[in-house]
Amino acid sequence: GGSSRYEEMMYGEGQAALNEVVKTQRIRMIDVWVLGPLMLYAAHLLPKRHELTRVALAGTGIATIVYNWRNYKRVEGAG
């Protein structure tokens with residue numbers, strides 16, 4: 001993974017891999033609770049004449065939330 005040599009030396013490869021999972025899970029929660037909702041809010045702010053952009057942005061926001069939530073739950077269930 002993307003773990004540092006320092007982490008591998010200090011904690012071993014297993015702990016370094018676990019640290020990567022923790023970081024990835026935090027990013028997923030940011031995507032679920034911040035990025036996705038911001039995309040939905042931004043779509044709401046767009047004027048009606050940009051309907052295609054609004055729908056695309058809202059759809060992407062919803063997909064971001066659903067995709068990251070499912071992956072979060074899948075990894076949590078495997079742990």
Side-chain angles (χ1 to χ4, degrees):
S3 60
S4 71
R5 282 276 162 230
Y6 173 77
E7 285 180 320
E8 287 179 17
M9 287 185 338
M10 292 299 293
Y11 307 111
E13 288 184 24
Q15 185 63 44
L18 182 61
N19 290 347
E20 285 300 311
V21 170
V22 169
K23 288 178 197 171
T24 302
Q25 289 293 80
R26 285 185 186 144
I27 292 167
R28 283 191 178 110
M29 285 294 93
I30 291 168
D31 288 347
V32 167
W33 297 108
V34 178
L35 182 62
L38 277 175
M39 293 169 85
L40 291 171
Y41 181 65
H44 170 74
L45 294 178
L46 284 172
K48 289 276 186 201
R49 69 177 184 270
H50 296 295
E51 190 62 25
L52 183 60
T53 305
R54 290 176 59 171
V55 170
L57 189 56
T60 305
I62 291 168
T64 296
I65 293 167
V66 170
Y67 174 82
N68 284 290
W69 180 253
R70 283 184 175 169
N71 279 322
Y72 177 83
K73 296 304 281 180
R74 180 183 53 81
V75 170
E76 288 296 305

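Note: hydrogens, waters and symmetry copies are ignored here, and every other heavy atom, side chains too, is used. Along the sequence shown, residues carry numbers from 1.
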Counting only heavy atoms from other residues, nucleotides and ligands, does the tally under 6.0 Å from NE2 of H44 exceed 12?
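12 or below, so no.
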
What is the minimum heavy-atom distance between D31 and I65, and which atoms define it?
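What the structure gives for the nearest pair is O-CG1, 4.4 Å.
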
Determine the minimum heavy-atom distance between A43 and A58, stating which atoms define it.
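Closest approach of A43 to A58: CB-N, 3.7 Å.
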
Tell me whether [X] shares a hydrophobic cluster with [Y], the cluster being built from Ile, Leu, Val, Met, Phe, Trp, Tyr side chains joined at under 4.5 Å.
| X | Y | result |
| --- | --- | --- |
| Y67 | V55 | no |
| L40 | L35 | no |
| I30 | L38 | yes |
| M39 | I62 | no |
| Y72 | V21 | no |

Distance (rounded to the nearest 0.5 Å) between [X] [atom1] and [Y] [atom2]:
| X | Y | atom1 | atom2 | result |
| --- | --- | --- | --- | --- |
| N19 | T24 | CG | OG1 | 10.5 Å |
| M29 | Q25 | CE | CD | 7.0 Å |
| L45 | L57 | CG | CG | 9.5 Å |

Worked verdict on E76 versus K73 for salt bridge (charged side-chain N to carboxylate O under 4.0 Å, His left out):
CA-CA 5 Å; E76 288 296 305; K73 296 304 281 180; over 6 Å; no

